[in-house]
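Keep in mind that this is a model prediction, so the values were computed, not measured. Below, read A as the first sequence line, B as the second, and so on, with proteins coming before strands; counting in each chain starts at 1.
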Amino acid sequence: MSAILFALLLGLPVTGTLLCAVFHTRRVLETITVICAGLTFLSALWLVTTVTQSGALNPGQGWLYADGLSAYVAAIVTGSALVVALYSTGYLRRQVRRRHVDGGQLWLYYLLLNAFLFTMMVVLLSNNLGVLWIGSEATTLATAFLVAFYERESSIEAAWKYVIICSVGIALALFGIILTYFSALHVVPASGNALNWSSLMLVAGGLDPGVLKLAFIFVLVGFGTKAGLAPMHTWKPDAYGEAPAPISALMAAGLVNVALYSLIRFYILVNKAVGGSFAPTLFIIFGLVSMGVAVPFILIQRDFKRLLAYSSVEHVGIIVFALGLGTPLAYFGALLHLLNNAIAKTLLFLTASNVRMAYNSKIMRKVTGAIKVIPVSATFLIAGVFAITGWPPFGVFVSEFAIVSAGFAGGNVVPTVFFIGFIAAIFAGFIYYTSRMVFGEPHPGIKGGDADTLSLLLLGLLLTALLVLGVFVPPPLQQCIETALTVLKG
Amino acid sequence: MDPTNLQTVGLLIDILAAAILVTAFLVVSSRSLVFYIRLFALQSFFLGAVALLVVLGYGETHILIAAVLTIAIKAIAIPVVLSRVIERIHVRKEVDFSINIPASLLLCGGMVILADSVAHSILGAQRADAPAVSRVLSVSIAMMLIGLFIMTTRKKAITQIVGLLTMENGVFLSGLSITYGMPLIVEVGIFFDILVAVLILGVFIFRINKTFESISIDSLRGLRE
């Protein structure tokens, strides 16, 4: 049973990649990508139910491993991949029609989209921390040409910075992993298994705490770079701003969660081995710094996609901060926020792409009166902005409220007050810019034209999901989060 | 292996580690892109030799493949790719600095001292009776710092790649020194990732050269707030 699940989750994206490598017709590439992403998503849901019912899969010494946490994140990642695959079909058709994209680029896009999904699944399902590292570096490599997709000067610059900064980060993480391995060599009986998550957790108490603390700092910097924690976030606005919008969406909703997942794995391990407030304090500091750093850049922003990138830095900060608080309520808020942020970011990046198509610009000053030009997308835009800035009745409000309550209940009053202050300032910046984009008079000469019906339906679906999550957490999701929560508690 | 031979292996590893550190310093003091690449090839060759000695001296046969891959990929394939890149793009093959050579050398010397104290704290009490290769840990941490230093203070795109690879060499050496290398499949995966990364960065250099008519990262300043 578990073998079938692993085979599906890893095999489907590989099959997608290989099939895309062979075919070159647009319609075939679209079909392959959508079907593979869809089936992978269904397999992830199957994984979630299996893990919720019967516990972690393959807890022995195999290469593959899945528990509540990996299943939950895998469901979020594959879900956003499916939405992005569906949206990409309409997006790329429009780009081909406008001659922004040729046949070769189309092929490369679908090929790398499948490969990207595969690399993320490798990270989420590997038992061995070294393989997890290989998967993480491979996510950077799979997305490098997607960031450089439009071959503008600015996109090559963004891709260069992206690959260089993330590779440096991940090299430091590798040193952290080697130190973890070193701390375990003397206590794990068979040394070949000393990098396996399942064996490390069994002997966590015997690991050398001094070495492990140092290892955690390197891992935090390394995977923090991948997740876009400040001050290692500098590649993020460039890469998100230059990549095609659906790719930015999948990076913000998928890749960020995969990087956070890796970070959480080490966090659990270090908390179990070292205890005390070492790792939680680091998380609270890095979380608040990321939120604080995002504030000025959101307030002075001109480019809508870069605005969303800084919002992503902020929300990674929120999640890491919540994990640092360390109470069950805070963990619950952090896990729920992984999902809420993923949905809201996908909604906003895809809406941004509709706006950009209509106005031929992503500079916010040039976009005015969207409600008259593209009424449907403009509605999604303003609703999405209220959602991401944490207003009821949207899901983000629920998870942020849980985090704030946990902060006050746990006695972390001062950090929580900062947390609220940053969120308020970011809300002000977002509303100032987007209200000007949505309302007012459009510049003369804007032809407009909204995206196709399928794309708009997808966005409507995402918005509905955020509304549902704002009212209540459905019981299956509740159960799934609780299973992930038991993993977090160690 | 009997103790005298083991001592010889230990001595050889020490000498090679010193040679690796010297190549890193020579890179820092070099002005020519061609030297950067040759010195990196030499450094990787020494690294591969250290790995071979670990196989010989400590019987860790699974490192053999890693040693061969180091020499094949890092000492031969990657330098060849990088040399092709700089031949094809016809640039001024000189490095631009933001910190001059004497100051750079002084800073890197400081980094070696820092690295040694970090290595002391990692090995802790185990250091006294540790085998020769674990003494190499200080060198490996120094390499990571120097690699990072090269990336931040040298301005050609190629020098950033060489800096990154120097860092990676440092990480690999640290793995050799304190854990006798990672499990085989992990090592192979890491090599694959590094090779692909260099190929992708090489393609980007061509494109940077085409669109910016230079491969200095100073021209990568378009994206700002």
Please report the closest heavy-atom contact between Pro79(B) and Ala75(B), naming both atoms and the distance.
CG-O, 3.4 Å

Closer than 3.5 angstrom, by distance alone: can the side chain of Trp133(A) be matched with the main-chain N or O of Ile170(A) as a donor-acceptor pair?
yes

Need one label for Leu201(B): side chain, backbone, both or neither, based on atoms under 4.5 Å from any heavy atom in chain A.
both

Contacting region of Met182(B) [heavy-atom separation from chain A under 4.5 Å]
both

Drop me the distance from Asn128(A)'s CG to Trp63(A)'s CH2, to the nearest 0.5 angstrom.
4.5 Å

Rounded distance (nearest 0.5 Å) linking atom NZ of Lys362(A) with atom CE of Met364(A)
10.5 Å

So which heavy atom on Ile99(B) is nearest to which on Arg154(B), and how close?
O-NH1, 3.5 Å

Just verifying a value: how many Å separate Ile161(B) CD1 and Thr166(B) OG1, rounded to the nearest 0.5 Å?
11.5 Å

Select all residues of residues 137-149 of chain A having any heavy atom within less than 4.5 Å of some heavy atom of chain B, and report them by number, or 'none'.
Glu137(A), Ala138(A), Leu141(A), Ala144(A), Phe145(A), Ala148(A)

Is a donor on one side and an acceptor on the other found under 3.5 Å between the side chain of Ser199(A) and the backbone of Leu195(A)?
no

Residue among Ile164(A), Ile177(A), Leu214(A) with most heavy-atom pairs under 4.5 Å to chain B
Ile164(A)

Tabulate, in ascending numerical order, the residues of residues 297-312 of chain A having at least one heavy atom closer than 4.5 Å to a heavy atom of chain B, or enter 'none'.
Phe297(A), Ile300(A), Gln301(A), Arg306(A), Tyr310(A)

Ring centre gap for Phe172(B) and Phe191(B) strictly below 6.0 Å
yes

Quick one: does Leu269(A)'s side chain get under 4.5 Å of Leu207(A)'s, heavy atoms only?
yes

Side chain from CB out, backbone as N, CA, C, O: work out which of these in Val211(A) comes under 4.5 Å of a heavy atom of chain B, or both, or neither.
side chain

Between Val136(B) and Val50(B), is there a side-chain heavy-atom distance shorter than 4.5 Å?
no

Determine, for Tyr36(B) and Lys156(B), whether the Lys NZ or Arg CZ falls below 6.0 Å from the six-membered ring centre while staying within 45 degrees of the axis.
no

Proximity breakdown for Ala215(A) and chain B, heavy-atom pairs closer than 4.5 Å
neither

To the nearest 0.5 Å, what is the distance between CG on Leu173(B) and CG on Leu47(B)?
5.5 Å

Top contributor to chain A interface from Ile141(B), Ile185(B), Leu184(B), Ile194(B) [non-hydrogen pairs under 4.5 Å]
Ile185(B)

